[in-house]
Amino acid sequence: MQTIFLQAAPDGGMLPQLLMFGAIILVFYFFMIRPQQKKVRDQKKFREELTKGMTVITIGGLHGKLVSVEDDTVIVEVDKGIKLTFDKTAISMDATAKAQKV
């Protein structure tokens, strides 16, 4: 019977619950939202820095050399005389960075 009364007793109001909720929001921000925003900024910067002559890899795995870079599109030469037009968002930042290091 005594345990029932102890459970019903107020233990400081809503402040501890609000602090815990705030801590959870901070954890989500620093471990999920902030890194995603940084990755989006890095991808945007990478797409702005695409230049003619770069070796790139598309998100589909196609390797080629940039022949032309326009506002929203790029022309990739995959073999002699074979040129394909892609949207800039189709160029993979991670795969291209790995290919350029090798």
Next on the checklist: Please enumerate all residues that pass side chain to side chain contact (heavy atoms under 4.5 Å, CB included) together with A97, with sequence neighbours excluded.
Outcome noted: none
Checklist entry - Cluster question for you: counting only ILVMFWY and a side-chain heavy-atom cut-off of under 4.5 Å, with indirect links fine, are M32 and M20 together? => result yes
Item to check | Neighbour count >12 (heavy atoms, 6.0 Å) for atom NZ, K65 | outcome: no
Next on the checklist: Check whether K88 reaches the backbone of E48 with its side chain - one donor and one acceptor, N or O, closer than 3.5 Å.
Outcome noted: no
Next on the checklist: Grouping I, L, V, M, F, W and Y whenever their side-chain heavy atoms are under 4.5 Å apart, do V27 and I25 come out in a common cluster?
Outcome noted: no
Next on the checklist: With heavy-atom distances below 4.5 Å as the criterion, would you say the side chains of K83 and V76 are in contact?
Outcome noted: no
Checklist entry - Within a strict 4.5 Å, meaning less than it, do heavy atoms of the D72 and D87 side chains meet? => result yes
Checklist entry - Is it the case that one hydrophobic cluster holds both I91 and I82, taking links as side-chain heavy atoms less than 4.5 Å apart, direct or via other members? => result yes
Item to check | Cluster link F21 to I33, ILVMFWY, side chain under 4.5 Å | outcome: no
Item to check | CD-OG1 distance between Q43 and T89, expressed to the nearest 0.5 angstrom | outcome: 10.0 Å
Check residues 50-64 and write down every donor-acceptor pair under 3.5 Å in which the side-chain atom is one partner and the other belongs to a residue at least two apart or another chain.
from	atom 1	to	atom 2	distance (Å)
T58	OG1	G60	N	3.3
T58	OG1	G61	N	3.4
T58	OG1	L62	N	3.0

Checklist entry - Can you check whether D42 reaches M93 side chain to side chain, under 4.5 Å on heavy atoms? => result yes
Next on the checklist: Looking at every non-hydrogen atom in both residues, tell me the closest pair between Y29 and Q37 and how far apart they are.
Outcome noted: OH-OE1, 4.3 Å
Next on the checklist: If hydrophobic clusters are built by linking Ile, Leu, Val, Met, Phe, Trp and Tyr wherever their side-chain heavy atoms come under 4.5 Å apart, do L26 and L18 end up in the same one?
Outcome noted: no
Checklist outcome for this item: NZ (K98) and OG (S92) are apart, to the nearest 0.5 Å, by 8.5 Å
Checklist entry - Is any side-chain heavy atom of K38 less than 4.5 Å from a side-chain heavy atom of R41? => result yes
